[in-house]
Amino acid sequence: MKSKTIRAIFITVMIWLPVQYGIVGIVGYYQSEPWPAFVFPGFKSVYVYNEGFEIEQAYIEVWTEQGEPPVRLLPQEFFPELPLSQVPGFMRTHFLTDETNRQFSNQAKRWLYQQAVQVTELDAALLDIVLEVNYYSHHPHGLERDSVTEKMRYTIKLIDQNEPQRTI
Amino acid sequence: MSLSERFNRWIFESWSVSAEGLGLLRIISALFILFFLIPGYGTSHFNFLADLPPDFYAPPPGPMMLFESFPSAAIFQWVHTILLFSLFAMLLGYRTKLTSILTGVSILILQGIIFSVGKVNHEILVAVVPVVMAFSNWGAAFSIDSVRRGHNRQTENWPLTLLALFIGFMMFTAGFPKILGGWLDPTTQATQGHLLNQFFVRERQAMLAEFMVQFDSVLFWELLDWITVLFEIGFLAAVFSPKWFRRFVAFAVLFHFSTMMTLNIAFLPNFLAYAVFLNWDGIYQSNLRLYRRLTGKRGERSKKRSALLLSAVVGLLFFLLNRLSSMDLVLRESDLTLHEVVFLFFALFVVMWIGIKKCA
């Protein structure tokens, strides 16, 4: 490759890198982080609340029709096939969204049923998606959890795999 | 010296690697990707994604939006197979430039599909390294290409500068949002907050995590916040000096090691890129000296044989480590893997060894 071409590549890259970073910022703000992009994770959150920390934790509760106490699972326990690094993002995108985006097709409800049965070995009927906020503060012997509040809870009615056949 | 001359010097003279050094780098990189950095977790992971309903297809803005749902398991297997073939060809140095680019593109496609669950992992360097290094002529030695007629032994140094630029800039993008997010505010201990998040939410509780959760020194955590931001921002400036860039890469190893010990995040893909900046000529020469001392052979053939022997040993070690790691014998409660821990300890050892040698 000619040195003139290589220089041109470098100049293009040196212009492109900050431009694409700007695009990542804008698109990421309004939608979600674009890909592929030459960026590393910012981890910009500081999780600080007054003089302590607030940490959000999602749970999935599996309910049966028999009214037994629900089985409470961490998202990574409900979706064990997903790499742990992707679980919070998966939850945020599909389950911890605002009300208008919580639409699940029958196909998705069937799939969630299957997943719930596979993980809990129960005849699941409902899923509760729960988001809690844990507050930690400094104590003489280290950090301790002070309190927990429930930030979000909604229910997904699952569809049994056999249900469509029964209705037919 | 004019600005143009300085620019040229930076591009073309910052780094210098011989055909033999690049050949070794190519082989070790291909083995590293093959055993540890292929995107996804194999067939069961691909089948899981292929079975996901379209509701859960959330591609990041970009080319993956052209599709409406996850591809079938057969498509995953096709891309995976193309990746394996191109990676093997890159390892053997067959049509190295083409197969290195194909390796990078296949990795990108697999990553794109996997990231369409709604979460992008920042592992693009795994694809960038083979694509950028394809232009260095890293197939000039210890390769099938090198025994073909009319082969070119001329190597290029500028891809290393380009790769350094990518790493430096990407590090900057990790540091800059932290400033905006309040990491430098003395009333916030962001690193400690992230530790708690990883520890409680993601249950990353292996290594020193539990000890660090109880380590409640505001000064210590604030210092870590500042060091992290300065290190990540400073990486970009270091791109313009090979000496400083190597120092930052060495510090990056310490940084990732401490992150692994506390947050249980290893970020192994970065090590593929960091490894490019090792002194590969020095590694080649040392290995050759050792081979000659052990075998007593001095001829021209010993050059190739020493490199092939080293590659075979590394390949065998990687294979064994891969098998051991997949057996899940240790770190069962953690999402850290055995090979990540081994590599980070090894990288720490290498950095300390180089540091001690420089100081002595």
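Scope of the values below: all heavy atoms of this structure, side chains included, with no hydrogens, waters or symmetry mates. Numbers restart at 1 for each chain; the letters A, B, ... are given by sequence-line order, proteins then strands.
Below 4.5 Å, heavy atoms of chain A meet heavy atoms from B/Ala58, B/Pro60, B/Pro61, B/Gly62, B/Pro63, B/Met64, B/Met65, all part of residues 58-70 of chain B.
When heavy atoms are compared at a cutoff of 4.5 Å, A/Gln31 approaches chain B solely by way of its side chain, counted from C-beta outward. For a residue to count as touching a neighbouring chain, one of its non-hydrogen atoms must lie under 4.5 Å from one of that chain's; by this rule B/Glu123 does not touch chain A. Contact annotation for A/Phe53: only side-chain heavy atoms (C-beta onward) come within less than 4.5 Å of a heavy atom of chain B. Neither the backbone nor the side chain of A/Glu144 comes within contact range of chain B, judged by heavy atoms closer than 4.5 Å. Using a 4.5 Å cut-off between heavy atoms, B/Thr188 contacts chain A through both its backbone and its side chain. Both the backbone and the side chain of B/Gln192 come within contact range of chain A, each with at least one heavy atom under 4.5 Å from a heavy atom of that chain. Residue contact with chain A, scored on non-hydrogen atoms closer than 4.5 Å, is absent for B/Leu180. Only the side chain of B/Phe169 comes within contact range of chain A, judged by heavy atoms closer than 4.5 Å. Contact annotation for B/Leu108: both backbone and side-chain heavy atoms come within less than 4.5 Å of a heavy atom of chain A. For a residue to count as touching a neighbouring chain, one of its non-hydrogen atoms must lie under 4.5 Å from one of that chain's; by this rule B/Val213 touches chain A with the backbone only. If you measure heavy-atom distances from B/Phe215 to chain A, you find no contacts under 4.5 Å at all. Both the backbone and the side chain of A/Phe90 come within less than 4.5 Å of a heavy atom in chain B. Within the 4.5 angstrom heavy-atom criterion, only side-chain atoms of B/Asn270, from C-beta onward, approach chain A. If you measure heavy-atom distances from A/Glu56 to chain B, the contacts under 4.5 Å come from the backbone alone. Residue contact with chain B, scored on non-hydrogen atoms closer than 4.5 Å, is absent for A/Glu132.
Taking CG from B/Leu52 and CG from A/Leu82, the interatomic distance works out to 7.0 Å, rounded to the nearest 0.5 Å. Note that CG of B/Leu49 is 7.5 Å distant from CD of A/Gln86, once rounded to the nearest 0.5 Å. Atom CD in B/Glu156 sits 8.0 Å away from atom CE in A/Met1 (nearest 0.5 Å). Between the CD atom of A/Glu33 and the NZ atom of B/Lys119 there is a distance of 8.0 Å, given to the nearest 0.5 Å. Between the CD atom of B/Gln198 and the CD1 atom of A/Ile55 there is a distance of 9.5 Å, given to the nearest 0.5 Å. Taken from OH in A/Tyr136 to CG in B/Leu196, the straight-line distance is 7.0 Å, to the nearest 0.5 Å.
B/Arg9 CZ: 12 or fewer foreign heavy atoms inside a 6.0 Å radius. Annotation: B/Tyr41, atom OH; neighbour count of heavy atoms from other residues, nucleotides and ligands within 6.0 Å does not exceed 12.
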side-chain contact (heavy atoms from CB on, under 4.5 Å) between A/Leu74 and B/Glu203: does it pass, once the steps are laid out? CA-CA 10 Å; A/Leu74 287 166; B/Glu203 295 187 312; 3.2 Å; yes
Run the side-chain contact (heavy atoms from CB on, under 4.5 Å) test on A/Arg145 and B/Phe200 for me, step by step, so that the C-alpha distance in whole Å, both residues' side-chain angles and the decisive distance to 0.1 Å come before the verdict. CA-CA 11 Å; A/Arg145 188 168 74 173; B/Phe200 292 109; over 6 Å; no
Apply side-chain contact (heavy atoms from CB on, under 4.5 Å) to B/Phe7 and A/Met14, showing your working. CA-CA 12 Å; B/Phe7 188 54; A/Met14 288 170 89; 3.9 Å; yes
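Chain A forms the most heavy-atom pairs under 4.5 Å with one residue out of B/Gly118, B/Ser44, B/Gly40, and that residue is B/Gly118. Taking A/Asn134, A/Val27, A/Val39 one by one and counting their heavy-atom pairs under 4.5 Å with chain B, the maximum is reached by A/Val39. If you tally non-hydrogen atom pairs under 4.5 Å between each of B/Gly175, B/Gly182, B/Ala190 and chain A, the highest count goes to B/Ala190. When the candidates A/Ser85, A/Pro41, A/Ser32 are compared by the number of heavy-atom contacts under 4.5 Å with chain B, A/Pro41 comes out ahead. Here A/Ser45 is the residue among A/Ala58, A/Pro75, A/Ser45 with the most heavy-atom pairs under 4.5 Å with chain B.
Aromatic pair B/Phe48/A/Phe79: centroids not less than 6.0 angstrom apart. Between A/Phe95 and B/Phe56, the distance from one ring center to the other falls under 6.0 angstrom.
Ring planes of A/Phe43 and B/His194: perpendicular class, angle over 60° (limits at 30 and 60°).
When atom types are taken as modelled, the side chain of B/His122 and the backbone of A/Phe38 share no donor-acceptor pair closer than 3.5 angstrom. At distances below 3.5 Å, at least one donor-acceptor pair connects side-chain atoms of A/Gln76 with backbone N or O atoms of B/Val201.
In plain terms, the two heavy atoms of A/Ala37 and B/Ile124 that are nearest each other are O-CD1, 3.8 Å.
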Donor-acceptor pairs are to be reported for all side-chain atoms of residues 2-13 of chain A against protein atoms at under 3.5 Å, with residues two or more places apart or in another chain.
{"from": "A/Arg7", "atom 1": "NH1", "to": "B/Ser4", "atom 2": "OG", "distance (Å)": "3.2"}
{"from": "A/Arg7", "atom 1": "NH1", "to": "B/Asn8", "atom 2": "OD1", "distance (Å)": "2.8"}
{"from": "A/Thr12", "atom 1": "OG1", "to": "A/Ala8", "atom 2": "O", "distance (Å)": "2.6"}

